[in-house]
Amino acid sequence: MKYKRFNYENENINNLDESFVCMVCGRNVTYVGAGSRHRNHCPHCLSSVHLDNVPGDRSANCGGIMDAIGVWVRKNGEWAIIHRCRSCGHLSSNRIASDDNPVKLLSIALKPLALPPFPLDGIENMIGFSDK
């Protein structure tokens with residue numbers, strides 16, 4: 001799926017400088033410290049809420065909790081969080097903020113290595129490696 005670039009100067013954006021209480025961890029979240037005036041997830045637990053169809057438009061009718069399920073690195077080296085909605089399964093990508101919890105980000109990034117989708121002893125058998 002190809003994502004459209006969004007012009008943040010657009011007047012439909014109504015989430016500038018908003019603060020909110022995280023629906024997952026209950027902490028108060030402000031844009032201060034994010035490195036941006038656009039805050040779309042909690043810096044503590046990295047959860048979000050499914051509010052937007054296009055960044056900042058607040059036109060999604062779902063309202064489900066968006067769990068941080070992965071991270072990826074953009075062409076320019078910037079990290080982004082992949083969120084999945086618990087209610088409808090919608091996937092979105094959001095750039096990380098400067099005050100995001102680094103331990104939480106790394107734990108999400110390392111999860112595929114810590115819990116591979118195949119048995120690790122199967123790799124040893126495939127490559128013919130054995131302690132015997």
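- Pairing each heavy atom of Pro112 with each of Ala109, the nearest pair is CD-O, 3.4 Å.
- If you take NE2 on His83 and CG on Asn94, they are separated by 5.5 Å, rounding to the nearest 0.5 Å.
- Ile65 and Leu46 are not part of a single hydrophobic cluster, where members link through side-chain heavy atoms under 4.5 Å apart.
- Residues satisfying the ring-ring contact (aromatic ring centres under 6.0 Å, His included) criterion with His50, sequence neighbours excluded, are His90.
- Residues satisfying the side chain to side chain contact (heavy atoms under 4.5 Å, CB included) test with Leu51, not counting sequence neighbours, are Val49, Arg58.
- In this structure, CZ in Arg95 is found 10.5 Å from CG in Asp100, a value given to the nearest 0.5 Å.
- Residue Ser92 holds its OG atom at 3.5 Å from CE of Met66, rounded to the nearest 0.5 Å.
- Note that the SG atom of Cys62 and the CG atom of Asp52 stand 12.0 Å from one another [nearest 0.5 Å].
- Considering all non-hydrogen atoms of both residues, Arg84 and Gly89 come closest at CG-O, 3.8 Å.
- In the hydrophobic clustering, Leu113 connects to Leu110, either directly or through intervening members, whenever side-chain heavy atoms lie under 4.5 Å apart.
- How far CH2 of Trp79 is from CD1 of Ile108: 9.5 Å, rounded to the nearest 0.5 Å.
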Given the rule in the side-chain contact (heavy atoms from CB on, under 4.5 Å) test, do Cys42 and Cys25 qualify, once you have shown the distances and angles that lead to the verdict?
-> CA-CA 9 Å; Cys42 174; Cys25 72; 3.6 Å; yes

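- In this structure Arg27 satisfies the salt bridge (Lys or Arg N to Asp or Glu O under 4.0 Å) test with no other residue, sequence neighbours excluded.
- In terms of the side-chain hydrogen bond (donor to acceptor under 3.5 Å, both in side chains) criterion, residue partners of Trp72 (sequence neighbours excluded) are, by chain and number, Ser93.
- Note that the NE2 atom of His44 and the CG atom of Asp99 stand 7.5 Å from one another [nearest 0.5 Å].
- In terms of modelled atom types and a separation under 3.5 Å, the side chain of Ser47 and the main chain of Val24 share no donor-acceptor contact.
- Taking the side-chain hydrogen bond (donor to acceptor under 3.5 Å, both in side chains) definition, one finds that Asp67 meets it with Arg86, sequence neighbours left out.
- There is a path of hydrophobic side-chain contacts, each under 4.5 Å, that joins Val71 to Ile96.
- The neighbour count for Asn61 CG, taken as heavy atoms of other residues, nucleotides or ligands under 6.0 Å away, does not exceed 12.
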